[in-house]
Amino acid sequence: MKTLSLLITLLVCLHSTAALSESLASKPVAKPAKVMLFGSFHFSNPGLDYVKNKQIDVTTEENQTYLINLSKRIANEFKPTAVLLECDPKQQTAINQNFNKYLTDNYELPVNESNQIGFRVAKEAKIEKVVCFDERNVQWQAEALMKSMPESNPDIHADFQTLISNITSEIEDWHKQGSLSGVLKKLNQREYEDKNKSLYILTNGVGAGDNFAGADAAASWWHRNFRMYANIQKAAATNKRVLVIAGHGHTSVLRDFIALDKNAIQVDTLDVL
């Protein structure tokens with residue numbers, strides 16, 4: 001009797017397992033969302049970034065024509081179903097009120113990349129609203145690093161100053177000698193993105209074994225970007241194609257996150273620039 005009972009139990013388990021497998025197989029597997037990370041300099045140049053430089057005027061007739069055509073190209077080739085902008089989620093209502101005015105030609109676009117590119121792409125792609133995905137509660141906390149580095153780690157401080165100077169000069173040369181298209185292409189190339197991120201690794205050892213000022217500063221920047229990427233993941237969970245427009249300092253980090261995300265496929269921004 002025990003043998004018969006065990007056999008019956010086994011058959012029931014096998015049947016249940018087969019039924020479950022068949023049920024799972026019949027369900028469509030969700031395809032990863034396609035995400036395009038568009039790294040940009042801040043068109044309005046508010047001077048908030050640590051690396052400061054003189055830059056191209058995006059309001060010239062030539063550059064406005066380029067931005068209009070670029071926006072159409074992104075909308076028609078990538079076909080985004082969501083557009084994420086580097087703006088405070090607390091401003092979401094006001095941002096979309098302005099976007100609704102823009103849809104009816106009652107809004108003059110301010111000089112910033114969120115409007116000049118984001119609004120134009122969303123309108124061309126017939127998207128009803130844009131999404132603010134920035135993180136403002138967590139910021140890059142580098143005060144202790146900048147205060148202690150010159151004295152505690154003078155060699156690192158000297159290398160840091162040199163790297164900042166080199167990056168600043170390089171970017172200024174791009175803006176002086178190149179086109180708006182050329183600058184955006186360079187900012188979205190892996191070589192520059194790695195150089196940008198190397199600043200945090202260079203200073204990471206400051207205060208090691210003591211106050212860890214360098215590591216804490218680097219962690220705060222990644223912390224902010226992890227939160228921003230969480231907002232991207234939220235949008236990608238319900239949208240097939242997500243365009244993300246942000247400062248190149250963010251996209252250089254976010255690009256590493258998306259490479260590890262099985263639920264997202266990165267679309268190369270250089271394909272549309």
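Hydrogens, waters and symmetry mates play no part in the numbers below; they use all other heavy atoms, side chains included.
Contact check for N263 versus Q233: no side-chain heavy atoms found under the 4.5 Å cut-off. No side-chain heavy atom of V35 sits less than 4.5 Å from a side-chain heavy atom of I265. Counting heavy atoms from C-beta on, the side chains of V121 and I117 come closer than 4.5 Å. Using a 4.5 Å heavy-atom threshold, the side chains of W222 and W140 count as separate. Counting heavy atoms from C-beta outward, F43 and L67 have side chains that approach closer than 4.5 Å. Taking the side chain as every heavy atom from C-beta outward, E128 and L103 never approach each other to under 4.5 Å. H42 places none of its side-chain heavy atoms less than 4.5 Å from the side chain of N112. With contacts defined as side-chain heavy-atom distances shorter than 4.5 Å, the pair F41/I171 does not qualify.
Applying the salt bridge (Lys or Arg N to Asp or Glu O under 4.0 Å) definition to pairs two or more places apart or across chains, those involving residues 83-107 are D105-K123. Residue pairs meeting the disulfide bond (SG atoms under 2.5 Å apart) criterion with at least one member in residues 102-201, sequence neighbours excluded: C87-C132. For residues 254-273, the pairs satisfying salt bridge (Lys or Arg N to Asp or Glu O under 4.0 Å) are R190-D256, E193-R255, K197-D256, with sequence neighbours left out. A disulfide bond (SG atoms under 2.5 Å apart) check over residues 155-254, counting only residues at least two apart or in different chains, returns nothing. Among residues at least two apart or in separate chains, ring-ring contact (aromatic ring centres under 6.0 Å, His included) pairs with a member in residues 82-101 are F99-F119. Within the structure, no pair that satisfies the disulfide bond (SG atoms under 2.5 Å apart) test touches residues 148-183, not counting sequence neighbours. Screening residues 216-227 for salt bridge (Lys or Arg N to Asp or Glu O under 4.0 Å) gives D134-R224, E135-R227 as the qualifying pairs, with residues at least two apart or on separate chains. The list of disulfide bond (SG atoms under 2.5 Å apart) pairs with a residue in residues 242-273, not counting sequence neighbours, is empty. Sorted by first and then second residue, the salt bridge (Lys or Arg N to Asp or Glu O under 4.0 Å) pairs with a member in residues 72-84 form an empty list; sequence neighbours excluded.
Here CZ of R241 is found 11.5 Å from CG of L243. Values are rounded to the nearest 0.5 Å. Interatomic distance, CD1 of I95 versus CG of N100, reported as 11.5 Å (0.5 Å rounding). Atoms CD and CG, on Q92 and L85 in that order, are 8.5 Å from each other to the nearest 0.5 Å. The OH atom of Y229 sits 7.5 Å away from atom CG of L37, with the distance rounded to the nearest 0.5 Å. Here Y200 contributes atom OH and L145 contributes atom CG; the two are 10.5 Å apart, rounded to the nearest 0.5 Å. Put simply, OH on Y102 and CG on N115 are 9.0 Å apart, with the number rounded to the nearest 0.5 Å.
Hydrophobic cluster membership is shared by F38 and L270, with clusters built from Ile, Leu, Val, Met, Phe, Trp and Tyr side chains linked at under 4.5 angstrom. No path of Ile, Leu, Val, Met, Phe, Trp and Tyr side chains, each step under 4.5 Å between heavy atoms, connects F226 with I201, placing them in separate hydrophobic clusters. Put simply, I232 and V138 are part of two different groups of oily side chains (I, L, V, M, F, W, Y) that touch within less than 4.5 Å, one to the next. Residue V272 is not grouped with residue I68 when hydrophobic side chains (ILVMFWY) are merged at heavy-atom distances under 4.5 angstrom, including chains of intermediate members.
A salt bridge is absent between K186 and E191; no separation between the charged side-chain nitrogens and carboxylate oxygens falls under 4.0 Å.
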Carefully, step by step, assess I167 and N196 under the rule side-chain contact (heavy atoms from CB on, under 4.5 Å).
CA-CA 8 Å; I167 291 176; N196 184 299; 5.6 Å; no
Evaluate side chain to side chain donor-acceptor pair (under 3.5 Å) for Q55 paired with E172, printing each intermediate quantity in order.
CA-CA 7 Å; Q55 60 190 44; E172 285 188 349; over 6 Å; no
Apply side-chain contact (heavy atoms from CB on, under 4.5 Å) to residues V83 and V131 and explain how you reach the verdict.
CA-CA 6 Å; V83 173; V131 178; over 6 Å; no
Start with the C-alpha gap between R120 and L109, add the side-chain angles, then the distance that decides, and say whether side-chain contact (heavy atoms from CB on, under 4.5 Å) holds.
CA-CA 9 Å; R120 281 172 167 149; L109 294 178; 3.6 Å; yes
Would L199 and T203 count as a side-chain contact (heavy atoms from CB on, under 4.5 Å) here? Give the steps.
CA-CA 6 Å; L199 287 167; T203 58; 5.9 Å; no
Quick one, T60 with N63, criterion side chain to side chain donor-acceptor pair (under 3.5 Å). Give me CA distance, side-chain angles, the key distance, then yes/no.
CA-CA 5 Å; T60 65; N63 287 333; 3.2 Å; yes
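In plain terms, the two heavy atoms of L84 and N231 that are nearest each other are CD2-O, 4.1 Å. Of all the heavy atoms in F133 and I245, the pair that sits closest is CE2-O, 3.9 Å. Nearest heavy-atom pair across A125 and P80 is CB-O, 3.9 Å. A pairwise comparison of heavy atoms in I56 and G178 identifies CD1-O, 3.9 Å as the closest pair. Shown here for A82 and I127, the closest heavy-atom pair between the two residues is N-CD1, 3.8 Å. The nearest pair of heavy atoms linking T269 to M36 is OG1-CG, 3.8 Å.
Between W174 and Y192, the distance from one ring center to the other falls under 6.0 angstrom. Here H250 and W221 bring their ring centres to under 6.0 angstrom of each other.
Under a 3.5 Å cut-off, the side chain of T251 and the backbone N or O of A246 do not form any donor-acceptor pair. Of the possible polar contacts, none joining the H248 side chain to the L187 backbone as a donor-acceptor pair under 3.5 Å is found. Side-chain N or O atoms of S198 include one that pairs as donor or acceptor with a backbone N or O of K195 at under 3.5 Å. In this structure a side-chain-to-backbone donor-acceptor pair under 3.5 Å is present from N96 to V130. In terms of modelled atom types and a separation under 3.5 Å, the side chain of Q116 and the main chain of P110 share a donor-acceptor contact.
No more than 12 heavy atoms of other residues, nucleotides or ligands lie within 6.0 Å of CD in E62, so this atom counts as exposed by the packing criterion.
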Sequence neighbours excluded and cut-off under 3.5 Å, please list the side-chain donor-acceptor pairs for residues 204-214, or say none.
residue	atom	partner	partner atom	Å
N211	OD1	A213	N	3.2

Name each donor-acceptor pair under 3.5 Å that joins a side chain in residues 146-153 to protein atoms two or more places apart or in another chain, with its distance.
residue	atom	partner	partner atom	Å
S148	OG	A144	O	2.9
S152	OG	S148	O	2.7

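Listed by chain and residue number, nothing satisfies the ring pair (Phe, Tyr, Trp, His ring centres under 6.0 Å) test with Y66 (two or more places apart in sequence, or in another chain).
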